[in-house]
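All remarks here apply to the structure that follows.
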Amino acid sequence: KNPTAPQLLERVNFQYGYIAWCIGNKRNPEAREWIPRMEADLNRLEKAGHSLASVYAYRSALYGYRIGVNKLQAPFLGPKSNEAAQKAMKTDPKNPLGYQQYGNILYYTPFLFGGSKEDAGSHLLKAMELMESNPESLRWNWNYLSLLTAIAGMYYETGQRDKAVYYLRKTLKKEPAYQWVKNELLPGYLKN
């Protein structure tokens with residue numbers, strides 16, 4: 001009923017993953033249900049001043065989710081998402097989430113509007129470097145697995161298949177039961 005700030009941040013992390021899953025699986029009505037819950041939790045954390053770099057990074061993702069369920073909001077929310085990710089990186093340059101979100105923004109933003117898969121890669125790799133600098137944090141860390149998968153996708157999309165396969169295998173070394181990578185992505189990348 002009354003979660004502590006660390007518990008609230010953990011809940012936001014689960015909401016972050018679940019909403020992304022909903023959008024990725026064309027379950028937008030369900031995503032729309034969870035977006036306000038995540039936003040309320042972020043507001044509570046921000047008001048408490050707890051882990052502000054993470055709060056800004058998750059808020060950046062939240063704007064992206066709003067765009068994901070309504071593309072017409074992109075011109076209004078895209079800059080806010082970008083601003084929140086940059087604020088996260090500035091607030092704590094050692095927090096990988098800000099770099100991960102900024103990399104995602106650059107990856108998914110069309111080239112005509114400033115997106116760049118190559119520039120996205122440098123931020124995603126920086127996020128990975130920061131995560132890996134704290135090995136204890138990698139245990140049971142689905143954000144790390146998601147990041148490795150995103151890096152693999154970035155390399156695949158930029159025609160660097162060998163690097164893409166390397167990162168998928170690195171993901172499976174960390175989590176051999178990651179079914180999406182094991183049964184879909186890796187076989188697809190090896191085939192093409």
Side-chain angles (χ1 to χ4, degrees), residues 12-13 16-17 19-25 31 38 53-71 73-134 137-138 141-172 174-175 178 180-181 184-186 188-190 192:
V12 164
N13 185 50
Y16 165 69
I19 294 167
W21 179 84
C22 287
I23 293 170
N25 286 284
M38 182 178 172
S54 294
V55 169
Y56 301 142
Y58 286 126
R59 192 171 302 282
S60 173
L62 188 66
Y63 289 127
Y65 294 159
R66 288 189 184 281
I67 294 168
V69 297
N70 183 353
K71 304 283 189 246
Q73 292 188 357
F76 310 104
L77 297 180
K80 289 182 177 186
S81 180
N82 189 332
E83 183 181 316
Q86 290 193 31
K87 193 172 182 181
M89 292 184 292
K90 186 177 180 183
T91 300
D92 182 358
K94 293 185 179 188
N95 185 320
L97 288 175
Y99 295 93
Q100 187 172 2
Q101 292 312 312
Y102 193 64
N104 288 338
I105 290 165
L106 292 171
Y107 186 84
Y108 289 106
T109 300
F111 177 75
L112 290 172
F113 298 103
S116 166
K117 290 189 178 13
E118 290 79 14
D119 289 345
S122 66
H123 288 84
L124 295 174
L125 290 169
K126 176 71 173 176
M128 181 188 72
E129 176 188 315
L130 289 168
M131 281 189 191
E132 290 177 346
S133 71
N134 183 6
S137 74
L138 300 180
N141 187 338
W142 70 267
N143 282 326
Y144 178 63
L145 300 175
S146 174
L147 176 62
L148 293 177
T149 306
I151 292 169
M154 179 270 307
Y155 279 126
Y156 187 76
E157 291 292 320
T158 57
Q160 300 175 69
R161 195 184 118 226
D162 290 344
K163 286 184 179 181
V165 168
Y166 168 81
Y167 280 97
L168 290 181
R169 287 190 170 137
K170 181 175 179 166
T171 305
L172 289 174
K174 186 69 180 164
E175 180 48 67
Y178 193 174
W180 182 47
V181 170
E184 293 179 41
L185 291 181
L186 185 58
Y189 283 17
L190 289 170
N192 296 326

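Counting heavy atoms of neighbouring residues, nucleotides and ligands inside a 6.0 Å radius, atom CG of Asn25 exceeds 12 of them. A 6.0 Å sphere centred on NZ of Lys174 holds more than 12 heavy atoms belonging to other residues, nucleotides or ligands. Other residues, nucleotides and ligands contribute more than 12 heavy atoms inside 6.0 Å of the NZ atom of Lys170.
What you find for Ala152 and Ala164 is that their closest heavy atoms are O-CB, 3.3 Å. Across every non-hydrogen atom of Leu106 and Gly114, the tightest pair is CD2-O, 3.8 Å. Heavy atoms only, all atoms of each residue included: Cys22 and Ala31 are closest at CB-CB, 3.8 Å. Tyr65 and Ala20 get closest at one heavy-atom pair: OH-CB, 3.4 Å. For the pair Ala53 and Ala88, the tightest heavy-atom approach, listed with the atom from each and the gap, is O-CB, 3.3 Å. Residues Ser60 and Ile105 approach most closely at OG-CD1, 3.4 Å, considering heavy atoms.
In terms of modelled atom types and a separation under 3.5 Å, the side chain of Ser146 and the main chain of Trp142 share no donor-acceptor contact. Formation of a donor-acceptor pair under 3.5 Å by the Thr158 side chain with backbone atoms of Met154 is found in this model.
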Using side chain to side chain contact (heavy atoms under 4.5 Å, CB included), reason through Asn95 and Leu130 one step at a time and then give a plain yes or no. CA-CA 7 Å; Asn95 185 320; Leu130 289 168; over 6 Å; no
Walk me through it: do Gln86 and Asn82 pass the test side chain to side chain donor-acceptor pair (under 3.5 Å)? CA-CA 6 Å; Gln86 290 193 31; Asn82 189 332; 2.7 Å; yes
For Tyr144 and Glu132, what are the C-alpha separation, side-chain angles and deciding distance, and is it a side chain to side chain donor-acceptor pair (under 3.5 Å)? CA-CA 9 Å; Tyr144 178 63; Glu132 290 177 346; 2.4 Å; yes
Stepwise side chain to side chain contact (heavy atoms under 4.5 Å, CB included) check, Tyr58 with Asn13: CA-CA 8 Å; Tyr58 286 126; Asn13 185 50; 2.8 Å; yes
Under the criterion side chain to side chain contact (heavy atoms under 4.5 Å, CB included), I'd like the reasoning laid out for Ile19 against Ile23: C-alpha separation, chi angles, the key distance, then a yes or no. CA-CA 6 Å; Ile19 294 167; Ile23 293 170; 4.0 Å; yes
Going through the distances and angles, do Ile67 and Tyr108 end up as a side chain to side chain contact (heavy atoms under 4.5 Å, CB included)? CA-CA 11 Å; Ile67 294 168; Tyr108 289 106; over 6 Å; no
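For the pair Tyr16 and Gln101, the minimum side-chain heavy-atom distance is below 4.5 Å. Residues Tyr167 and Tyr156 are not in side-chain contact: their nearest non-hydrogen atoms beyond the backbone lie 4.5 Å or more apart. Side-chain contact between Met131 and Gln100: present, with at least one pair of heavy atoms (C-beta onward) separated by less than 4.5 Å. Side-chain contact between Tyr99 and Ser122: absent, with no pair of heavy atoms (C-beta onward) separated by less than 4.5 Å. Side-chain contact check for Val181 versus Arg169: every heavy-atom pair is 4.5 Å or farther apart.
Atom-to-atom distance recorded for Met128:CE and Ile151:CD1 is 5.0 Å, nearest 0.5 angstrom. Atom OH of Tyr178 sits about 7.5 Å away from atom CG of Leu185, to the nearest 0.5 Å. Atom CZ of Arg59 is separated from atom NZ of Lys87 by 8.5 Å, given to the nearest 0.5 angstrom. Rounded to the nearest 0.5 angstrom, Tyr166 OH and Leu148 CG are separated by 9.0 Å. Distance check, rounded to the nearest 0.5 Å: NZ of Lys126 to NZ of Lys94 gives 9.0 Å.
Among Thr149, Leu145, Leu186, Thr171, the one residue that satisfies the side chain to side chain contact (heavy atoms under 4.5 Å, CB included) test with Trp180 is Thr149.
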